[in-house]
Amino acid sequence: MRHVVALPLALWVWVIFHGSVLCQRPAVVNIGAVFTFDSVIGRPAKVAMKVAVSDVNSDPRILNGTELRLIMGDAKCSVFVGCIAAFQVLERQVLAIIGPQSSSIAHMISQIANGLQVPQISYAATDPTLSALQFPFFLRTTHSDSYQMAGMADLIDYYGWKEVIVIFVDDDYGRNGMAALDDELEKRGSKISYKLPLPTEFNVRDFTEMLNKSKLIGPRVYVVHVNPDPSFRIFSIAQKLQMMTRGYVWFATDWLCATLDSFSPMNQTSLHFLQGVVGLRQHIPQSRKKDAFVSQWRKMQKKGLVSSGLNTYGLYAYDTVWAVAYAIDKFLKENGNISFSASDKLHDMRATQFGKLEVFDNGNLLREQLLQINFTGLTGRIQFDPERNVINGSYDVINIVHTKIRGVGYWSNYSGLSVLPPEDLKGEQNRNSLLDQKLGIITWPGGITEKPRGWEIAANERPLRLGIPKRTSFVDFVTEVNTSHKVQGYCIDVFNAALNLVPYNVPHTFIPFGDGRSNPKYDELVQKVADDVFDGVVGDVAIVTNRTRIVDFTQPYAATGLVIVAPVHNTKLSAWVFLKPFTVEMWCVTAAAFVMIAVVIWILEHRVNDDFRGPPKRQLITMFLFSFSTLFKANQEDTRSTLGRIVMVVWLFLLMVITSSYTASLTSILTVQQLSSPITGIDSLIASDLPIGYQVGSFAFSYLRDSLYVHQSRLVSLGSPEEYEMALRKGPKGGGVAAIVDELPYVELFLEKQKDFGVFGQTFTKSGWGFVSSFVYKQIHEFICA
């Protein structure tokens, strides 16, 4: 009986004891950090993480007595050493690993983190490809370079530069950053025209030669995306090569500000060769927390506890520790148990150092807790987007003036460029509104404040190859004179006038296009620009939709459109033209009305009115003079009877209608040309089966055939004004055409010499003539804007 009672009691005690052990919080939890200790980013980050761990452990509201312990490993700027350091840290059963700052090392450690299911959270690795689904355990509390490069592209586009030269470190961080910039520039119609890749440890002599060669290329806008360099060797070399002077533009990504912020104010005074550089710095909103931490940092500097200034990556490192602490605290509250287990994949490595590695069984749960955190740290709101990046990427735009860092604006992914902080504009500004994009005054290299042009005619650059249509008709617009090979015409005059407004020389050569026997096909001429046979086209080229898809056009310099020309004739006016407004019947009715009014008035008036009395001959004359004089309002006799006056009111009204109709008809006969064609506009022309003429090479052919669906058999090509005249005079019955569809400038020139033809209907397309260039060809855009 004792055994029967004792057995359930022992089981109950075991369950209570075992459950309390499982639910008990661990006394210590380990987190790891792998980064380069002695580096621009690593020095402040190391101190900031230690301070963060101390603050977490001293705060009773988090972890509830569990000590957070940070285990650090030095990567020494090496992927190989970084991997070894990561293995050493992971052997200590860390719940999460912070870092590294290098994107190349982060790629390797992310693979390890995936295998051991340990969340990895970086405060400095900005390579956009780390957000790929390939690395589900990778998170970052800093901004991806996809944000930064969008900001850089907006900055370049804001000033209208179309081509840039990039200098970047040739590793994952540099290459993928430049790929992101290239994509963003392409969206804005710009491009990277030349790349200067650098090894992580580049030779000064080799780079000097590379940078010097870049001077032979036209663009003068440089974007520098390298690892933090306290020596600023790139800008130092550029200064020696006279490339930090007027006319050059230098942009730097956030590595520059991270380096400058890590300097003491005394060391910054020697940075005179950075004059005019524009850079981006990760935006940190002002807050009491941030101000208190900065004050604490300065006190540590005075005591000699910190050897580096505080940059934004130090602040992100501090917040990263807190993010991990919050996630672990919530994980322990909901799960309680932390366990590691051996991996089957490492079973054959038990005898090696890798045999000590174990898989974090709850890694997915902790990762989910990290993705759900939402708190306000030193750097602002810490919350992750679906790509596991911190939300709302924003940057300060800074300008270095006289060794001082001066803020000139801000950029964010939701408000674009602005002179106000992004947090003040959120929800109030649309980044697509170009009118809202603003920046303060920037001082560029050379001390100038006006915007540099951003490109030069390079020393080895060939002249612009400008195609011109070698016309055989309407040569007043553009053509080549066969005897002298001189190019002339209205279009050439416009081009030269625009060229004279540009304050520098633009070498160019005109290349005629066409066989000289007929007008060239303009679609083929435009295609030559798209195929890079020509750099541009100067001529009477209409801006139409299908052409704008393959080339770029300047603003129109002449308005044009398609119109219809057909024969007209003037009616020869005879001496009896005044009789034509009324028909014979109408004249008879009108005369009879005058006679009737004369008789009626005489009958009503001769009894009471002495003016209508007298001899019969006198009464007859008075009667008819009175009636016809009403036409001129000059009758001398008055009507005295009431009925006579009523009749006169009715008669004068009818007379007013008759005279108005007569005047209008006569005016129309004398001023309006009588048309000899049934065509009244484009609709009636399309509805008929009549043949239609068009100019050889014009877009009118493709427009009529493809847009208005006129059958090709009805379209007749004509090559000159003489052929226009002949075809119109022959008409459809004589083997000619009923009308010609052509552009308005050609028609106006044709009608100056031909009076027997006219324009019918309205202009039915609206377009213009412009000069053609390949996309982003900067020289043509530059002087046309002048």
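Below, all heavy atoms of this structure are taken into account, side chains as well, without hydrogens, waters or symmetry copies.
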Is it the case that more than 12 heavy atoms not belonging to Ile441 sit under 6.0 Å from its CD1 atom?
-> no
Would you check if Thr141 and Asp319 make a side-chain contact, meaning some heavy-atom pair closer than 4.5 Å?
-> no
Does the distance from a Lys or Arg side-chain N to an Asp or Glu carboxylate O, for Arg175 and Asp172, drop under 4.0 Å?
-> yes
Would you say Arg298 has more than 12 foreign heavy atoms packed within less than 6.0 Å of its CZ?
-> no
Under the 3.5 angstrom rule, does the side chain of Asp329 hit a backbone N or O of Lys333 as a donor-acceptor pair?
-> no
Return the minimal non-hydrogen interatomic distance between Ala125 and Leu130, and the atom names on each side.
-> CB-CD1, 3.8 Å
Please determine which of Asp157, Asp182, Asp154 meets the salt bridge (Lys or Arg N to Asp or Glu O under 4.0 Å) test together with Arg188.
-> Asp154
CZ-CD distance between Phe331 and Glu368, expressed to the nearest 0.5 angstrom = 12.0 Å
Rounded distance [0.5 Å steps], NZ in Lys76 versus OG in Ser39 = 11.5 Å
Minimal non-hydrogen separation, Val419 against Tyr410, with atom names | O-CE1, 3.6 Å
Between Asn362 and Gln117, is a side chain to side chain contact (heavy atoms under 4.5 Å, CB included) present by the stated rule, with each step listed?
-> CA-CA 8 Å; Asn362 311 109; Gln117 296 188 14; over 6 Å; no
Taking Tyr173 for the side chain and Val226 for the main chain, is one N or O donor matched with an acceptor at less than 3.5 Å?
-> yes
Exercise: identify the closest heavy-atom pair between Ile382 and Gly377 | CG1-N, 4.4 Å
Counting N and O atoms only, with roles assigned by atom type, does the side chain of Gln120 sit under 3.5 Å from a partner on the main chain of Gly99, one being a donor and the other an acceptor?
-> yes
Regarding His283 and Glu423, is there a side-chain donor-to-acceptor distance under 3.5 Å anywhere?
-> yes
Is any side-chain heavy atom of Thr449 less than 4.5 Å from a side-chain heavy atom of Ile442?
-> no
Val408 vs Arg406 side-chain heavy atoms within contact, under 4.5 Å | yes
Without swapping roles, check the side chain of Asp396 against the backbone of Ile398 for a donor-acceptor pair under 3.5 Å.
-> no
Are Asn30 and Arg92 close enough that a side-chain donor and a side-chain acceptor fall under 3.5 Å?
-> no
Distance flag, aromatic centroids of Phe375 and Trp322, threshold under 6.0 Å = no
When the ring centroid of Phe293 is compared with that of Tyr318, is the distance short of 6.0 Å?
-> yes
Is there side-chain contact between Ile41 and Pro228, with heavy atoms separated by less than 4.5 Å?
-> yes
Among Phe232, Trp444, Tyr222, find the one that has a ring pair (Phe, Tyr, Trp, His ring centres under 6.0 Å) with Trp250.
-> Tyr222
Run through Asn311, Asp254, Thr126 and flag the one making a side chain to side chain donor-acceptor pair (under 3.5 Å) with Gln282.
-> Asp254
Run the side chain to side chain contact (heavy atoms under 4.5 Å, CB included) check on Arg140 and Arg388 step by step: do they pass?
-> CA-CA 7 Å; Arg140 59 179 144 212; Arg388 307 179 305 282; over 6 Å; no
Rounded distance (nearest 0.5 Å) linking atom OG1 of Thr129 with atom CG of Asn176 = 4.0 Å
Can you find a pair of side-chain heavy atoms, one from Ile284 and one from Leu378, that are under 4.5 Å apart?
-> no
Look at the side chain of Ser190 and the backbone N and O of Trp161, then say whether any donor-acceptor pair between them is shorter than 3.5 Å.
-> yes
Minimal heavy-atom distance between Val306 and Val47, with the atoms involved, is CG2-CG1, 3.9 Å
When the ring planes of Phe135 and His107 are compared, do they come out parallel, tilted or perpendicular, using 30° and 60° as the limits?
-> perpendicular
Under 3.5 Å donor-acceptor, Ser103 side chain and Asp127 backbone = yes
Would you call Asp261 and Arg281 a salt bridge, taking side-chain N to carboxylate O under 4.0 Å as the test?
-> yes
Please indicate whether Phe80 has more than 12 foreign heavy atoms, meaning atoms of other residues, nucleotides or ligands, lying under 6.0 Å from its CZ.
-> no
Are any side-chain N or O atoms of Gln101 and backbone N or O atoms of Ala124, one a donor and one an acceptor, separated by less than 3.5 Å?
-> no
Between the main-chain N or O of Pro422 and the side-chain N or O of Tyr414, is there a donor-acceptor pair closer than 3.5 Å?
-> yes
Out of curiosity, Thr253 OG1 to Phe168 CZ, how far, rounded to the nearest 0.5 Å?
-> 12.5 Å
Return yes if some donor-acceptor pair links the side-chain N/O of Thr443 with the main-chain N/O of Val401 below 3.5 Å, else return no.
-> no
The single option from Ser78, Pro100, Cys83 passing side-chain contact (heavy atoms from CB on, under 4.5 Å) against Ile105 | Pro100
Might you work through the side chain to side chain contact (heavy atoms under 4.5 Å, CB included) test for Val118 and Leu95, ending with a clear yes or no?
-> CA-CA 6 Å; Val118 175; Leu95 304 190; over 6 Å; no
How about Asp145 and His225: do any of their side-chain heavy atoms sit closer than 4.5 Å?
-> yes
Exceeds 12 heavy-atom contacts within 6.0 angstrom, atom CD of Glu67 = yes
Check Gly151 against Leu280 and note the closest heavy-atom contact, atom names and distance.
-> C-CD1, 4.4 Å
Main-chain N/O of Leu211 paired to Ser214 side chain as donor or acceptor, under 3.5 Å | yes
Inspect the surroundings of NZ in Lys451 and state if more than 12 heavy atoms from other residues, nucleotides or ligands are less than 6.0 Å away.
-> yes
In short, Lys289 meets Thr376 closest at the heavy-atom pair NZ-O, 2.8 Å
Neighbour count >12 (heavy atoms, 6.0 Å) for atom CD, Glu201 | no
Atom CD1 in Ile31, atom CD1 in Ile121: separation rounded to 0.5 Å?
-> 10.0 Å
Lys/Arg N to Asp/Glu carboxylate O, Arg246 vs Glu450, below 4.0 Å | yes
Sub-4.5 Å side-chain heavy-atom contact between Asp291 and Gln286 | yes
Given Phe207 and Phe202, is the ring pair (Phe, Tyr, Trp, His ring centres under 6.0 Å) satisfied, shown in steps?
-> CA-CA 7 Å; Phe207 177 69; Phe202 65 87; 5.5 Å; yes
Is a side-chain donor-acceptor pair under 3.5 Å present for Ser415 with Ser418?
-> no
Note, Met149 side chain near Asp183 side chain (heavy atom, < 4.5 Å) | no
Determine, stepwise, if the pair Met152 / Leu181 fulfils side chain to side chain contact (heavy atoms under 4.5 Å, CB included).
-> CA-CA 8 Å; Met152 184 64 71; Leu181 177 61; 4.1 Å; yes
Return yes when atom CE of Met108 has more than 12 non-hydrogen atoms of other residues, nucleotides or ligands closer than 6.0 Å, and no otherwise.
-> no
Hey, what do you get for CZ (Phe35) to CD1 (Ile109), rounding to the nearest 0.5 Å?
-> 11.5 Å
Whether over 12 other heavy atoms sit under 6.0 Å from Lys50 NZ | no
